J.: 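My questions all concern the structure below.
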Amino acid sequence: MFALVDCNNFYASCERVFHPRLNHKPIIVLSNNDGCVIARSNEAKALGIKMGEPAFKIKQFLKDNNVAVFSSNYALYGDMSRRVMNILWKLSQEMEIYSIDEAFLDLSGFNDRQLFEFGQTIRNTIKQHTGIPVSVGVASTKTLSKVANHIAKKHKRDIGVFLMNENKTIERVLKHFPVEDIWGIGRQYANFLKSHNIHTALELKNTSENWVRKHLTVMGTRIIKELDGTSCIPMESVTPSKKAICTSRSFGVMVEDIAQLRESISMYATRCAEKLRKQKSCAGIINVFIQTNRFKPELPQYNNGKIIKLQVPSDSTSELIYHSVRGLEAIYKPGYNYKKAGVIVTNIVPSSQVQQSLFDKMDRATDQQITKTIDVINSRMGRDVIRYAVQGFNRKWKLRQEQLSPCYTTRWNDLLTINTG
DNA sequence: TCTGGGGTCCTAGGACCC
DNA sequence: TCTGGGGTCCTAGGACCC
């Protein structure tokens with residue numbers, strides 16, 4: 001048996017933990033640059049606010065309805081996520097962290113009553129220790145546990161746990177479960193299936209395997225088997241290392257000048273190098289890209305990228321910056337308003353298995369020592385306290401975050417003060 | 001004024017090998 | 001009429017996830 005534990009409206013719930021006054025009030029969280037709605041409390045959903053809606057289009061509506069609006073605070077959400085996952089670690093032998101707010105647990109060996117009670121224990125413990133509400137779905141495959149979680153969240157809101165283990169229950173639930181809500185069925189497949197008169201999970205489950213294989217590839221076959229109770233998607237208890245790492249941002253203002261692009265690209269290269277070192281990997285290919293604003297078709301448009309192959313795979317900040325900036329200079333064209341830029345690293349290999357080059361001229365030992373020293377200082381003193389000058393100091397292009405909440409759990413200066421008097 | 005930022009997997013087709 | 005039979009690797013594009 002699998003349990004899927006999913007935090008309810010995670011980002012909105014994180015903000016609410018530190019603003020108890022907002023209990024039962026509508027809350028939304030915006031994407032970077034305060035662009036789109038990416039999280040909504042139940043009250044905000046009830047007002048009809050859509051996921052992904054551009055904030056500027058509903059500004060007046062938000063005001064009229066007293067909606068609390070937050071910029072996204074990933075330091076806070078990341079730390080709250082870590083706390084939730086740590087609690088789950090203590091409760092379960094085997095788990096898979098599936099996303100920032102979701103985890104699968106392996107519940108082999110529990111009987112029905114224990115399964116349900118364990119679900120409640122999880123929910124109560126997390127609520128008590130972190131303030132975050134979660135829903136728990138329990139079933140015999142991952143796909144069915146996702147379905148069960150939906151039911152727990154939507155129809156069993158006060159209990160928050162749904163155990164789906166009897167064939168009769170499964171059949172009844174799948175009969176009313178829209179095909180587009182199944183894990184692995186996105187918009188394209190949903191439209192396609194509906195055009196073939198398949199509207200519910202039960203109808204999909206009863207479709208011929210050959211037909212599904214032909215039109216939805218092997219992924220679809222797995223889905224119908226999982227809906228039928230045959231587990232095809234195993235637990236991944238060990239998080240596999242990333243095969244691609246991307247750091248990119250839209251700018252708070254339009255950027256025309258190459259000097260500012262250079263600053264931003266250098267920062268993204270720095271972040272990519274940090275992410276590589278964190279998972280003990282080196283990258284063989286760097287991809288630098290710049291884009292103008294696609295929402296302004298009246299302005300001249302220019303999108304381009306440059307792929308750089310490294311002679312020796314690297315996790316060095318200085319080397320990644322060097323090549324990224326050269327790449328930028330190769331594609332930059334003056335006279336455009338740039339809106340977004342980024343760095344992607346791929347061809348990732350474990351640091352212990354880097355293929356050396358006979359013609360490599362770089363002094364890697366020294367560079368590694370420098371990088372290590374910078375990492376140690378920055379981890380104690382704060383990100384970018386020591387940085388390469390090319391990263392810049394003004395950051396005119398930085399994100400717009402007008403409603404940013406404090407980093408309550410990760411920054412000493414932002415700790416809450418509680419008046420007990 | 002204003003529209004996010006990360007990832008994965010699968011398949012077909014083209015290139016190559018013997 | 002009639003032109004083999006078996007592979008691998010790489011990439012772009014399309015689907016999906018949070």
Side-chain angles (χ1 to χ4, degrees), chain A residues 4-11 28-39 50-62 69-74 77-78 81 96-104 142-143 146 149 179-193 212-223 232-234 236 239-254 264 268 271-272 275 279 284-285 287 289 291-299 305 307 309 337 339-348 399-403:
Chain A
L4 175 63
V5 182
D6 190 325
C7 302
N8 300 347
N9 316 324
F10 183 53
Y11 297 170
I28 61 168
V29 178
L30 304 178
S31 62
N32 276 342
N33 275 320
D34 297 344
C36 301
V37 177
I38 55 166
K50 295 271 174 298
M51 187 73 169
E53 182 86 342
F56 74 90
K57 288 188 180 171
I58 53 169
K59 207 163 183 180
Q60 194 56 46
F61 179 87
L62 297 174
V69 179
F70 292 92
S71 303
S72 36
N73 182 343
Y74 290 104
Y77 312 149
S81 169
E96 170 186 342
I97 297 174
Y98 179 64
S99 74
I100 192 163
D101 71 334
E102 276 174 79
F104 288 103
K142 279 181 159 182
T143 305
K146 276 270 195 182
N149 191 284
V179 79
E180 65 266 29
D181 289 347
I182 301 171
W183 189 38
I185 304 293
R187 225 179 38 208
Q188 305 295 324
Y189 283 159
N191 287 339
F192 173 79
L193 290 170
V212 170
R213 176 76 178 78
K214 188 172 160 200
H215 294 102
L216 275 68
T217 80
V218 67
M219 310 289 274
T221 328
R222 268 178 219 147
I223 291 170
C232 306
I233 308 172
E236 279 189 350
T239 316
S241 53
K242 302 250 180 292
K243 297 171 176 176
I245 290 173
C246 173
T247 306
S248 75
R249 293 287 179 278
S250 297
F251 303 130
V253 293
M254 295 290 199
S264 67
Y268 306 147
R271 294 287 99 82
C272 282
K275 293 178 189 176
Q279 65 163 35
I285 289 181
N287 186 352
F289 66 87
Q291 294 170 356
T292 49
N293 190 346
R294 67 196 164 100
F295 294 105
K296 296 237 180 285
E298 66 276 14
L299 292 178
I307 291 172
K309 293 187 179 158
N337 285 311
K339 179 63 179 168
K340 183 174 180 175
V343 173
I344 306 170
V345 294
T346 51
N347 273 33
I348 289 175
L399 293 176
R400 196 171 35 239
Q401 293 179 309
E402 288 169 1
Q403 317 285 337

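Chain naming here is simple, since letters A, B, ... match the order of the sequence lines and numbering starts at 1 in each. Just so we're clear, the structure is a prediction, and the values are computed from it rather than from any experiment.
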J.: Taking the side chain from A:Asn33 and the backbone from A:Arg400, do they hold a donor-acceptor pair closer than 3.5 Å?
T.: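 Such a contact is found between A:Asn33 side chain and A:Arg400 backbone.
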J.: Could you check how far CH2 of A:Trp183 sits from P of C:dC17, rounded to whole Å?
T.: 10 Å
J.: Rounded to the Å, how far apart are A:Ile182 CD1 and C:dA15 C1'?
T.: 16 Å
J.: Starting from the C-alpha separation in whole Å, work towards a yes-or-no answer on side-chain contact (heavy atoms from CB on, under 4.5 Å) for A:Tyr189 and A:Ile182.
T.: CA-CA 11 Å; A:Tyr189 283 159; A:Ile182 301 171; over 6 Å; no
J.: Are the side chain of A:Lys275 and the backbone N or O of A:Cys246 linked by a donor-acceptor pair below 3.5 Å?
T.: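 Looks like yes, one N/O pair under 3.5 Å.
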J.: Could you give me the CA-CA distance, side-chain angles and deciding distance for A:Glu102 and A:Lys146, then say whether salt bridge (Lys or Arg N to Asp or Glu O under 4.0 Å) is met?
T.: CA-CA 10 Å; A:Glu102 276 174 79; A:Lys146 276 270 195 182; 2.6 Å; yes
J.: Do the side-chain N or O atoms of A:Lys275 get closer than 4.0 angstrom to the phosphate oxygens (OP1, OP2) of B:dG6?
T.: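 Checking B:dG6 against A:Lys275, a side-chain N or O does come within under 4.0 Å of OP1 or OP2.
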J.: Within the sub-3.5 Å range, which N or O atoms of nucleotides 1-4 of chain B have a protein N or O partner, and how far apart are they?
T.:
| unit_1 | atom_1 | unit_2 | atom_2 | d |
| --- | --- | --- | --- | --- |
| B:dC2 | OP2 | A:Lys296 | NZ | 2.5 |
| B:dT3 | OP1 | A:Lys339 | NZ | 2.5 |
| B:dG4 | O4' | A:Ser31 | OG | 2.9 |

J.: Quote, to the nearest angstrom, the C1' distance that separates C:dC17 from B:dG4.
T.: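 Comparing C1' positions in C:dC17 and B:dG4 gives a spacing of 15 Å.
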J.: Can you measure A:Ile245 atom CD1 to B:dG5 atom P for me and round it to whole angstrom units?
T.: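 Distance, rounded to whole Å: 17 Å.
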J.: On DNA chain B, does the nearest nucleotide to A:Glu236 precede the nearest nucleotide to A:Thr247 from the 5' side, or the other way round? Give the residue.
T.: A:Thr247
J.: Can you confirm if the aromatic rings of A:Tyr74 and A:Tyr11 lie within a centre distance of less than 6.0 Å?
T.: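 Distance test on ring centres: under 6.0 Å, yes.
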J.: Looking at side-chain heavy atoms only, is the closest gap between A:Asn32 and A:Ser72 below 4.5 Å?
T.: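 Yes, their side chains come closer than 4.5 Å.
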J.: What nucleotide, of B:dG7, C:dC18, C:dA15, holds the atom closest to the side chain of A:Lys242?
T.: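 Taking heavy atoms from C-beta onward, the closest nucleotide is B:dG7.
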J.: Applying a 4.0 Å non-hydrogen cut-off, can you work out what A:Leu30 is touching in the nucleic acid: base, sugar-phosphate, or nothing?
T.: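 Answer is nothing: A:Leu30 stays at 4.0 Å or more from every strand.
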J.: Whole angstrom is fine here: how far is it from NZ in A:Lys243 over to P in B:dG7?
T.: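 About 13 Å, once rounded to whole Å.
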J.: Specify the separation, in whole Å, of atom CG of A:Asn347 and atom C1' of C:dC10.
T.: 11 Å
J.: Measure from CD1 on A:Ile97 to C1' on C:dC17 and round the result to the nearest Å.
T.: 17 Å
J.: Whenever both distances are under 3.5 Å in a Watson-Crick or G-U wobble pair, mark it; put DNA chain C into dot-bracket that way, with [ ] for crossing pairs and | when the partner is on another strand.
T.: ....||||||||||||||
J.: Does the side chain of A:Arg222 get closer than 4.0 angstrom to OP1 or OP2 of B:dC9 through an N or O atom?
T.: no
J.: Report the distance from atom CD1 of A:Ile348 to atom CD of A:Gln279, rounding to the nearest 0.5 Å.
T.: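 One finds 5.5 Å between CD1 of A:Ile348 and CD of A:Gln279.
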J.: Is the A:Tyr98 ring parallel, tilted or perpendicular to the A:Phe104 ring (thresholds 30°, 60°)?
T.: perpendicular
J.: Quick one: are A:Lys340 and A:Arg249 in side-chain contact, heavy atoms under 4.5 Å?
T.: no
J.: Just the rounded figure in Å: distance from P of C:dC18 to CG of A:Asp181.
T.: 11 Å
J.: State, without any angle test, whether A:Asn337 and A:Thr292 hold a side-chain donor-acceptor pair at a distance under 3.5 Å.
T.: no
J.: Rounded to the nearest 0.5 Å, what separates atom CD in A:Glu96 from atom CD1 in A:Ile233?
T.: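 A:Glu96 atom CD to A:Ile233 atom CD1 measures 9.5 Å (nearest 0.5 Å).
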J.: Please give, in whole Å, the distance from B:dG5 C1' to A:Gln401 CD?
T.: 13 Å
J.: Enumerate the residues from residues 212-219 of chain A whose closest heavy atom to DNA chain B is under 4.0 Å, giving them by residue number; use none for an empty result.
T.: A:Arg213, A:Thr217, A:Val218, A:Met219
J.: Touch check for A:Glu102, heavy atoms < 4.0 angstrom, all strands: base, sugar-phosphate only, or nothing?
T.: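 Sugar-phosphate, no base atom in range.
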J.: Checking side-chain contact (heavy atoms from CB on, under 4.5 Å) between A:Ile307 and each of A:Thr346, A:Ile344, A:Asn287, which is the one that passes?
T.: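 Exactly one pass, corresponding to A:Asn287.
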